[in-house]
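Computed over heavy atoms, backbone and side chain alike; hydrogens, waters and symmetry mates excluded. A, B, ... follow the sequence lines: proteins, then strands. Residue 1 opens every chain.
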Protein chains: 2
Amino acid sequence: MRVDALPEIRQLSLFAGMRDENFEGLMKAAYLQNFPAQVELIDEGDQADFLFFVIEGCVELYAETSGREGVLALVRPVGSFILAAVIKDAVYLMSARTTEKSRILMIPAQNVRDAFEQDDGFARSIVVELAGYFRAVVKEYKDLRLRTGVERLANRLIKYHLNQGENGTVCLPCDKKTLSSILGMTPENLSRAFGTLKAYGVKVEGSVVRLNDLKSLTTLAKPNPLIDDYRT
Amino acid sequence: MRVDALPEIRQLSLFAGMRDENFEGLMKAAYLQNFPAQVELIDEGDQADFLFFVIEGCVELYAETSGREGVLALVRPVGSFILAAVIKDAVYLMSARTTEKSRILMIPAQNVRDAFEQDDGFARSIVVELAGYFRAVVKEYKDLRLRTGVERLANRLIKYHLNQGENGTVCLPCDKKTLSSILGMTPENLSRAFGTLKAYGVKVEGSVVRLNDLKSLTTLAKPNPLIDDYRT
DNA sequence: CGGTCGGTTGAAGCTAATCAATTAGAGTGG
DNA sequence: CCACTCTAATTGATTAGCTTCAACCGACCG
């Protein structure tokens, strides 16, 4: 691939500390591909062959065991995934599929590891990146462990509301089936949870949600920066 | 502290790539302290002031929100905790308390960050360490999300059995109250889960558990290396 | 028009938490 | 050594939370 094909990649914090020549080397080895929706990009258990970036579209990370499946995260532009497996030269712990037509950048894992060995700035950027990932999963874990389904939904709505400009409405980032899985519940349960939140001023209109009584919703949700704030 | 006071620390993979003079600098700044049981070492939400190591004893990492509490992990010698918060110069996401009389090594966070900036080998060791932590939490998350309480217990017993030499018995690493919280259930529920596992050859004798029918227990548990194997 | 799919609703059942009571064990002091 | 106490652990009854199965609705599409 050409080095300057994707200037937004070079801007990522992951590559902030990397020397130009090493970045160029990575990009030359990389593949940029378009995928339709619902394509399996990786299968948990497979050896980590590539580091992935979502340039356009959306990718869903999920896992399954003995018949049960759960979505762990959605990755949107410009986000990476599977960095830890690539660094450890291990198998993927999560599967990934596109949820919509997507443009994906793939860097061969060995090139990433070589760059990690050779480029001190890159190594430091990876530290910060992984520390952030780690803390994000810890928060997800706490969310799932310490809250009921209704509370998780309420807090998620408040979080989206903050990220979307606090104008009283929220646009859901995906269909409700996917949202339910992200929140660790069934679609039926999400539907009922929205029903419960009616009493707290939550009005669902398709993929738009109105928050007409943020105060009472917040009282119910008890948002906690150590779980909900992406910055901490 | 004297540099050679704790040779086992220098052996840790976290310091494997570190230059001697930098390690000495860290150790000189470090504190080694003895604590009785049930001492709060850190409080979630506080700024990360130290990187911690358990030299002797045991530390419990836990979190709470709106009245509910859950143990996330036990740390035993020689293990570190709170590395991600130290590196990101952020607040702790988990609280920590000693569960028994313990000897704890504390390195001031700023010294760790300075060493991270100055020592390339240390930076790379941190990458590997954090990647391992990240994958460990992802596995915990999957365990909690995709399995019932009985399944989590069954798989945990099988894991302990493997780690303890596969001789048909398992020694529980902590009291049952703590174990229940690690497994994400109440003590009552753990007790009932053990009751359920009787039918699969599991016999509880205090803190020792006999696995008399590993085959049927395994059939029930359906262990998955992508959740249960600490190596992958 | 029938078909599929996302979403909702209802009923039933399961898993787990809660509350309450009891038992078992470890340690203490007489 | 025995009663006493404190806590861990268990057991039973009840309730809450969530899943499952089934039916249904409405939108979109061939």
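A distance-only check finds no donor-acceptor pair linking the side chain of B:Arg103 to the backbone of B:Ile55 [under 3.5 Å]. Judged by distance alone, the side chain of B:Thr99 and the main-chain N or O of B:Val59 form no donor-acceptor pair under 3.5 Å.
No N or O donor and acceptor, one from the side chain of A:Arg147 and one from the base of D:dG17, sit under 3.5 Å apart. Residue-to-nucleotide contacts include a donor-acceptor pair under 3.5 Å from the side chain of A:Arg192 to the base of D:dT20.
In this structure, CD of B:Glu205 is placed 16 Å from P of C:dA24, rounded to the nearest angstrom. Taking atom CD of residue B:Glu188 and atom C1' of nucleotide C:dC19, one finds them 9 Å apart after rounding to whole Å. One atom, CG of A:Leu146, and another, P of C:dA17, lie 12 Å apart when rounded to the nearest Å. Rounded to whole angstrom, the span from the CG atom of A:Leu190 across to the P atom of C:dT8 amounts to 7 Å. Whole-Å rounding puts the B:Met185 CE to D:dA9 P distance at 14 Å. Here D:dG17 presents its P atom at 9 Å from CD of A:Glu151, a figure rounded to the nearest Å. Computed from coordinates, the A:Glu69 CD to D:dT20 C1' distance equals 17 Å when rounded to whole Å. Between A:Leu183 atom CG and D:dG17 atom P there is a gap of 17 Å when expressed in whole angstrom units.
Considering only side-chain atoms of A:Thr148, the nucleotide from C:dG6, D:dC18, D:dT20 that sits closest is D:dC18. Among the nucleotides C:dA20, D:dT19, C:dG7, the one closest to the side chain of A:Lys176 is C:dG7. Checking D:dT19, C:dA16, D:dT10 against the side-chain heavy atoms of A:Asn189 singles out D:dT19 as nearest.
For A:Glu44 and B:Lys142, the salt-bridge test passes: some basic side-chain N is under 4.0 Å from an acidic carboxylate O.
Under the 4.5 Å side-chain criterion, counting only non-hydrogen atoms from C-beta, B:Thr148 is not in contact with B:Arg152.
Between A:Thr186 and D:dT19 there is a side-chain polar atom (N or O) within less than 4.0 angstrom of OP1 or OP2. OP1 or OP2 of C:dC5 has not a single side-chain nitrogen or oxygen of A:Lys177 nearer than 4.0 Å.
Checking B:Ser80 against B:Tyr133 by side-chain atom types alone, a donor-acceptor pair falls below 3.5 Å.
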